[in-house]
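Note sheet for the following structure.
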Amino acid sequence: MTAAQGFSGKAAIAGIGMTDLSRESGRSELALAVAAARAALADAGLTAADIGAVLCYHLNDSAGVNQVAAVLGVPDGSWTNEIYGGGTQSASILADAAMLVDAGIARAVLVFRALNGRSGRRMSRVALSLRSADQFTVPYGMLGPVHLFALAAQRWMYDTGATEEDLAAVVLQSRQLAAGNPRAVLREALDLDAYLSSPLIAHPLRRADCCLETDGAAAIVVTSADTADERSPRIHAVVRGGGPGASTMDTAPDLSTLYSAYLAPSLYRTAGMSPDDIDMALIYDAYSSVVLQQLEDFGFARPGESGDYVRSGATLPTGQLPMNPHGGLLSEGYVHGLNNIVEAVRQLRGDGVNQIRRPETVLCTGFGGSYGSAAVLVAPR
């Protein structure tokens, strides 16, 4: 299980922190970021004086990284970087932090994502710009990500024979698992009839198929593996990239192709692993359909059989591949995927939601269509 990256095993996630997740936080993005960061620092047993780098990612909807560093009291001259992006960054930012540690630039790196995604700026509010391709899509109803992924889902379902019952399987499991998660925004039980009664947003995606718009923040602290304690998961492998597909439909030979179709081979090659080596998956579940596609692309289910795979119980905590045991972005809340990374750490430490057994390897994914990232975290040995 030797990875092909120089930082593999040399950096560990030593601390995690989250705020409450809600539909109306009543706090600024700065306050949310600082609260999550302080919780992560405390969990790592560190202070702001120990931090040598601060990273964040956002879509012009968050507090600035230098602003957060200043409020926390991070030493002047520390490395800071704001990365523009959403879900595509949630896994790959682990590599950014690991490389800073491995290069000796920082002994400890703070990473955060904070947003008021429900009460503040919402992704569904799109401004038309005549200087971009939006002028050819927005006037015809392509108002946000849900419309993009609905179109991709239609094509994928046509090609594979997937049904709305397959989509429902993902949603029903998410709600089932979120019922045991006190942090989850949605903990109410949902059955197939209730799912089918959920209003359509953009065919075939219903309201229940769409991730939550949430206020909240999450943060992690990455340190050298040599200084981390025995419970801190190691960053084993990270890949990033993609190709033409669901987010570049005008140039795509197959508009339903997700990033995972392009990256899965390189992830396994880089990690020195195969699908059989993965004990748990924290799948970026912006929409139910993309969960099924990723399960197939990463080799856990055969093409066209991912719905049956979920229904079989294989992705429950007692199954072959436990998946999103906290309810994921569909039910816990949406912090652009960083809350999924936090749950991966909890699971590897043995104190996660619906913890059944201790995984040794966890796959974490994040994307925005045909471009994205994936990481493998491993338990310390």
- Interatomic distance, SG@Cys56 vs CG@Leu110, rounded to 0.5 Å, equals 9.5 Å
- CG (Asp76) with more than 12 external heavy atoms under 6.0 Å: no
- Query: Where does the angle between the aromatic ring planes of His58 and Tyr84 fall among parallel (under 30°), tilted (30 to 60°) and perpendicular (over 60°)?
  - Reply: perpendicular
- Query: Within a radius of less than 6.0 Å around CG of Asp254, do more than 12 heavy atoms belonging to other residues, nucleotides or ligands occur?
  - Reply: yes
- Val74 side chain reached by Thr80 side chain, heavy atoms, under 4.5 Å: no
- Message: Nearest 0.5 Å, please: how far is OG1 in Thr315 from CE in Met280?
- Response: 11.0 Å
- Classify the side-chain pair Ser256/Arg155 by whether it contains a donor and acceptor separated by less than 3.5 Å. no
- Mark yes or no for whether Ser174, through its side chain, and Leu330, through its backbone, hold a donor-acceptor pair below 3.5 Å. no
- Query: More than 12 foreign heavy atoms under 6.0 Å from CZ of Arg207: is that the case here?
  - Reply: no
- How many angstroms lie between atom OH of Tyr334 and atom CG of Leu212, to the nearest 0.5 angstrom? 10.5 Å
- Is any side-chain heavy atom of Leu205 less than 4.5 Å from a side-chain heavy atom of Ser289? yes
- Side chains of Ser260 and Gln294: donor-acceptor distance under 3.5 Å anywhere? no
- Message: Could you measure the distance from the CZ atom of Phe300 to the CD1 atom of Ile278? Nearest 0.5 Å is fine.
- Response: 5.5 Å
- Is it the case that one hydrophobic cluster holds both Ile51 and Val342, taking links as side-chain heavy atoms less than 4.5 Å apart, direct or via other members? no
- Query: Is the side chain of Asp61 donor-acceptor paired with the backbone N or O of Leu59 at a distance under 3.5 Å, no angle test?
  - Reply: yes
- Item | Heavy-atom neighbours of Glu188 CD exceed 12 at 6.0 Å | yes
- Task: Look at the side-chain heavy atoms of Ile, Leu, Val, Met, Phe, Trp and Tyr, link any pair under 4.5 Å apart, and say whether Leu200 and Leu192 land in one connected group.
- Result: no
- Message: Under a 3.5 Å distance rule, please check whether Thr227 uses its side chain to pair with a backbone N or O of Ser224 as donor and acceptor.
- Response: yes
- Note on the structure: Distance col, row Tyr284:OH vs Ile341:CD1, nearest 0.5 angstrom, shows 11.0 Å
- Item | For Arg234, the option from Ile13, Val376, Val378 that meets side-chain contact (heavy atoms from CB on, under 4.5 Å) | Val378
- Is the number of heavy atoms from other residues, nucleotides or ligands under 6.0 Å of Arg302 CZ greater than 12? no
- Does the Ser197 side chain pair with the main chain of Asp193, one donor and one acceptor, at a distance under 3.5 Å? yes
- Can any side-chain N or O of Gln347 pair as donor or acceptor with the backbone N or O of Glu343 at less than 3.5 Å? no
- Inspect the contact between Asp166 and Arg311 and indicate whether a charged nitrogen and a carboxylate oxygen are less than 4.0 angstrom apart. yes
- Does Asp285 reach the main-chain N or O of Val291 with its side chain, forming a donor-acceptor pair under 3.5 Å? no
- Residue pair Leu177 / Met323, side-chain heavy-atom distance below 4.5 Å: no
- Message: Before you tell me yes or no, could you show the steps for Ser62 and Phe112 under side chain to side chain contact (heavy atoms under 4.5 Å, CB included), namely the whole-Å CA-CA distance, both residues' side-chain angles and the distance that decides it to 0.1 Å?
- Response: CA-CA 10 Å; Ser62 187; Phe112 72 88; 4.2 Å; yes
- Query: What heavy-atom pair brings Pro233 and Pro380 nearest, and what distance separates the two atoms?
  - Reply: CA-CD, 4.2 Å
- Message: Check this for me: Gln320, atom CD, are more than 12 non-hydrogen atoms of other residues, nucleotides or ligands nearer than 6.0 Å?
- Response: no
- Message: Between Leu21 and Leu115, is there shared hydrophobic-cluster membership here, with clusters defined by ILVMFWY side-chain heavy atoms closer than 4.5 Å?
- Response: yes
- Message: Counting only heavy atoms not in Arg346 (residues, nucleotides, ligands), do more than 12 fall under 6.0 Å from its CZ?
- Response: yes
- Message: Quick one, Leu282 with Thr365, criterion side chain to side chain contact (heavy atoms under 4.5 Å, CB included). Give me CA distance, side-chain angles, the key distance, then yes/no.
- Response: CA-CA 7 Å; Leu282 273 294; Thr365 72; over 6 Å; no
- Interatomic distance, Leu295 atom CG to Leu321 atom CG [nearest 0.5 angstrom]: 7.0 Å
- Close side-chain approach of Pro275 and Phe298, heavy atoms under 4.5 Å: no
- Task: Report whether Met157 and Leu196 are members of the same hydrophobic cluster (ILVMFWY, side-chain heavy atoms less than 4.5 Å apart, transitive linking).
- Result: yes
- Polar side-chain atom of Tyr262 near backbone of Pro244 as donor-acceptor pair, under 3.5 Å: yes
- Query: Taking the side chain as C-beta and beyond, is there a heavy-atom pair between Gln89 and Leu338 under 4.5 Å?
  - Reply: no
- What heavy-atom pair brings Ala108 and Thr223 nearest, and what distance separates the two atoms? CB-CG2, 3.9 Å
- Query: Taking Asn354 for the side chain and Pro325 for the main chain, is one N or O donor matched with an acceptor at less than 3.5 Å?
  - Reply: yes
- Item | Sidechain-backbone polar pair: Ser25 side chain, Gly216 backbone, donor-acceptor under 3.5 Å | no
- Query: Quick one: which of Arg187, His326, Glu332 gives a side-chain hydrogen bond (donor to acceptor under 3.5 Å, both in side chains) with Asn181?
  - Reply: Glu332
- With the 4.5 Å side-chain cut-off for hydrophobic clustering, are Val221 and Val68 part of the same group? yes
- Message: Side chains of Asp209 and Tyr195: any donor to acceptor distance under 3.5 Å?
- Response: yes
- In terms of side-chain heavy atoms, does Thr361 have a donor or acceptor partner in Asp277 at a distance below 3.5 Å? no
- Task: Look at the side chain of Asp229 and the backbone N and O of Ser232, then say whether any donor-acceptor pair between them is shorter than 3.5 Å.
- Result: yes
